[in-house]
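First the proteins, then the strands, lettered A, B, ... as listed; each starts at 1.
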2 protein chains.
Amino acid sequence: MSRASDRAYSGIRSMILSGELPAGSQIGEEALAERCGVSRTPVRDALRRLESELLVKRNEAQRSFVADWSLDDIADGFELRAMLEGHAARRAAERIDDETLQRLRRCNIEILAAIQTNPPDVTGFLDGNREFHAVILEAAKSPRLAAMLGALIEQPVVWRTAQQYGREALRRSHGEHEELLAAFARHDGDWAQSVMTSHIRRAFHAYADAHQGLAAIDAGSGS
Amino acid sequence: MSRASDRAYSGIRSMILSGELPAGSQIGEEALAERCGVSRTPVRDALRRLESELLVKRNEAQRSFVADWSLDDIADGFELRAMLEGHAARRAAERIDDETLQRLRRCNIEILAAIQTNPPDVTGFLDGNREFHAVILEAAKSPRLAAMLGALIEQPVVWRTAQQYGREALRRSHGEHEELLAAFARHDGDWAQSVMTSHIRRAFHAYADAHQGLAAIDAGSGS
DNA sequence: CCTGAACCATTTGTATACAATAAGGTGGGC
DNA sequence: GCCCACCTTATTGTATACAAATGGTTCAGG
């Protein structure tokens with residue numbers, strides 16, 4: 001993680017996620033290299049990675065831009081996530097061993113702890129959540145599935161709006177994880193898949209609602 | 001396509017697909033650069049692309065190797081393809097316009113022509129087949145889905161064993177395409193999805209059978 | 001005033017040199 | 001004779017210089 005290429009990657013990535021680099025804006029390799037304190041070579045490397053994750057898009061003349069995600073794009077991403085993570089949950093349920101199941105349980109306990117503080121520890125929740133899903137993905141034992149979902153999970157918009165989630169939404173998420181654990185314990189692939197699918201779809205609508213609110217606020221402050 | 005990076009990409013790729021670079025063997029950037037007649041920079045670029053397509057894997061020390069695909073890996077890939085292409089077919093059926101539908105029809109006519117020559121024009125069949133699926137993917141109007149499937153479609157093993165397909169298998173493939181066209185014409189997403197899913201799954205079993213045969217031949221000649 | 005072509009600036013692609021790192025072999029010590 | 005440490009070497013990572021290509025701008029001509 002200390003290599004220049006990685007610093008460039010995480011640096012550019014956080015610039016995009018934080019909105020420091022606005023969506024749609026052109027990003028020159030030279031400028032990024034300077035801001036990250038590395039040369040263009042690792043920046044190019046990082047841009048390729050980000051491009052494969054669809055955080056960066058390139059026009060026909062190979063210029064790089066920050067990808068702008070329409071609500072349709074985001075819905076598209078969530079739809080794929082629902083399908084792929086549902087599939088992962090099914091495979092995981094059919095293959096999971098007791099030790100991994102225990103890891104998941106501990107993970108969800110940590111998530112609960114993060115929720116119950118006042119105010120809720122959203123960062124802690126997100127970390128726990130990410131690990132929870134990562135363990136399931138690992139248990140699914142499908143390297144290709146893992147590679148694909150890897151690119152999908154880290155959607156920029158989720159990060160910027162996660163702070164908007166209320167305690168109620170966080171608690172519901174924890175509850176759905178509990179139901180997943182029950183499905184895993186019984187090795188019931190069908191159950192796990194449907195729970196995971198609705199888990200993701202609900203997350204999308206929670207996002208869409210929050211985003212709707214944000215857009216209204218933006219429009220209001222703009223006028 | 002005339003850039004050095006692209007030459008390196010297609011060069012290395014064909015070396016892997018043809019078996020010139022055996023599965024599991026280490027591939028040094030310097031050596032590849034020399035063989036492709038370019039410097040290491042575009043080779044590195046190409047290797048990253050191939051890595052994201054899972055044709056190349058890297059160990060913990062960043063050394064590159066030709067990926068070796070076990071039957072399990074391949075089954076895994078086909079399973080994902082069945083799911084994702086099924087999804088693409090559903091979306092395409094719900095969105096397709098008459099002009100695109102006509103393109104698909106013409107495409108399948110070309111496939112039929114390739115089958116009916118004696119001996120069957122397998123290369124022509126593969127080209128037509130690829131375009132057929134590409135048009136569907138385009139009609140699905142999901143950039144993320146397209147990006148994901150892009151990496152999956154070009155499986156090396158398919159290429160090496162496609163020659164094994166008999167005329168009967170090719171004809172059945174054409175027939176399934178016809179059924180897909182019927183589903184598209186009626187904008188029946190469910191129908192399209194299930195036809196596509198079974199189309200892919202059958203293709204996998206056709207491959208697995210052929211591979212079984214090949215493995216037996218290899219074993220026989222080896223002993 | 002509009003059009004278009006040529007020029008200049010900006011940006012990306014490629015090559016090469018050098019630095020860092022990991023693997024493997026070799027020698028010394030136990 | 002075996003094991004560990006060190007050194008050598010092979011391989012990848014990074015920086016920089018230069019080449020190619022793209023886009024915008026300006027100036028000339030209609």
Side-chain angles (χ1 to χ4, degrees), chain A residues 1-16 19-68 143 147 150-151, chain B residues 1-16 19-68 143 147 150-151:
Chain A
M1 191 45 136
S2 69
R3 286 205 304 294
S5 161
D6 295 320
R7 267 184 300 149
Y9 171 75
S10 55
I12 299 169
R13 189 165 169 281
S14 68
M15 287 183 209
I16 294 177
E20 188 179 342
L21 294 174
S25 64
Q26 182 171 357
I27 46 188
E29 297 175 353
E30 188 72 48
L32 287 178
E34 202 169 339
R35 291 178 75 166
C36 296
V38 299
S39 85
R40 266 181 57 212
T41 311
V43 167
R44 287 173 63 81
D45 229 59
L47 282 179
R48 295 290 149 78
R49 271 201 272 175
L50 291 164
E51 186 190 358
S52 81
E53 295 174 14
L54 299 172
L55 263 69
V56 165
K57 72 184 204 311
R58 308 179 79 179
N59 69 3
E60 62 287 348
Q62 305 296 91
R63 261 82 172 166
S64 299
F65 299 84
V66 177
D68 52 339
Chain B
M1 193 45 137
S2 70
R3 287 206 301 296
S5 160
D6 295 319
R7 267 185 300 148
Y9 170 76
S10 55
I12 298 169
R13 187 163 170 282
S14 69
M15 287 185 208
I16 293 176
E20 188 179 343
L21 294 174
S25 64
Q26 181 171 358
I27 46 188
E29 297 175 355
E30 188 72 48
L32 287 178
E34 201 168 340
R35 292 179 74 166
C36 296
V38 299
S39 85
R40 265 183 59 211
T41 310
V43 167
R44 287 173 62 81
D45 231 57
L47 282 179
R48 296 289 146 80
R49 272 201 270 174
L50 291 165
E51 186 190 358
S52 80
E53 295 174 14
L54 299 171
L55 262 70
V56 165
K57 71 183 205 310
R58 308 178 78 177
N59 67 3
E60 62 286 350
Q62 305 297 89
R63 261 81 173 167
S64 298
F65 299 83
V66 178
D68 52 340

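- Checking the phosphate oxygens (OP1, OP2) of C/dA15, a side-chain nitrogen or oxygen of B/S39 falls inside 4.0 Å.
- In the displayed structure, A/E34 atom CD is contacted under 6.0 Å by at most 12 heavy atoms of other residues, nucleotides or ligands.
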Using side-chain contact (heavy atoms from CB on, under 4.5 Å), reason through B/E51 and B/K57 one step at a time and then give a plain yes or no. CA-CA 6 Å; B/E51 186 190 358; B/K57 71 183 205 310; over 6 Å; no
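- Around CD of A/Q62, the count of heavy atoms belonging to other residues, nucleotides or ligands within 6.0 Å exceeds 12.
- Residue A/E34 contributes atom CD, which lies 15 Å from atom C1' of D/dT16 at whole-angstrom precision.
- In this entry the distance linking CG of A/L32 with P of C/dT10 reads 17 Å, nearest Å.
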Whether each nucleotide of nucleotides 8-13 of chain D has a protein heavy atom under 4.0 Å at its base (B), only at its sugar-phosphate (S) or at neither (-) is summarised, 5' to 3', as ---SBB
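- Taking B/E30 as the reference, nothing meets the salt bridge (Lys or Arg N to Asp or Glu O under 4.0 Å) condition, with sequence neighbours excluded.
- Counting to the nearest Å, the P atom of C/dT12 and the NZ atom of A/K57 are 13 Å from each other.
- At whole-Å resolution of the value, CG in B/N59 and C1' in C/dT21 are 13 Å apart.
- Residues forming a salt bridge (Lys or Arg N to Asp or Glu O under 4.0 Å) with A/R35 (at least two apart in sequence, or on another chain): A/E20.
- Put simply, CZ on A/F65 is 9 Å from P on C/dT12, counting in whole angstrom units.
- Residues B/R7 and B/C36 approach most closely at NH1-O, 4.3 Å, considering heavy atoms.
- Atom CG in A/L47 sits roughly 12 Å away from atom C1' in C/dT11 (whole-Å rounding).
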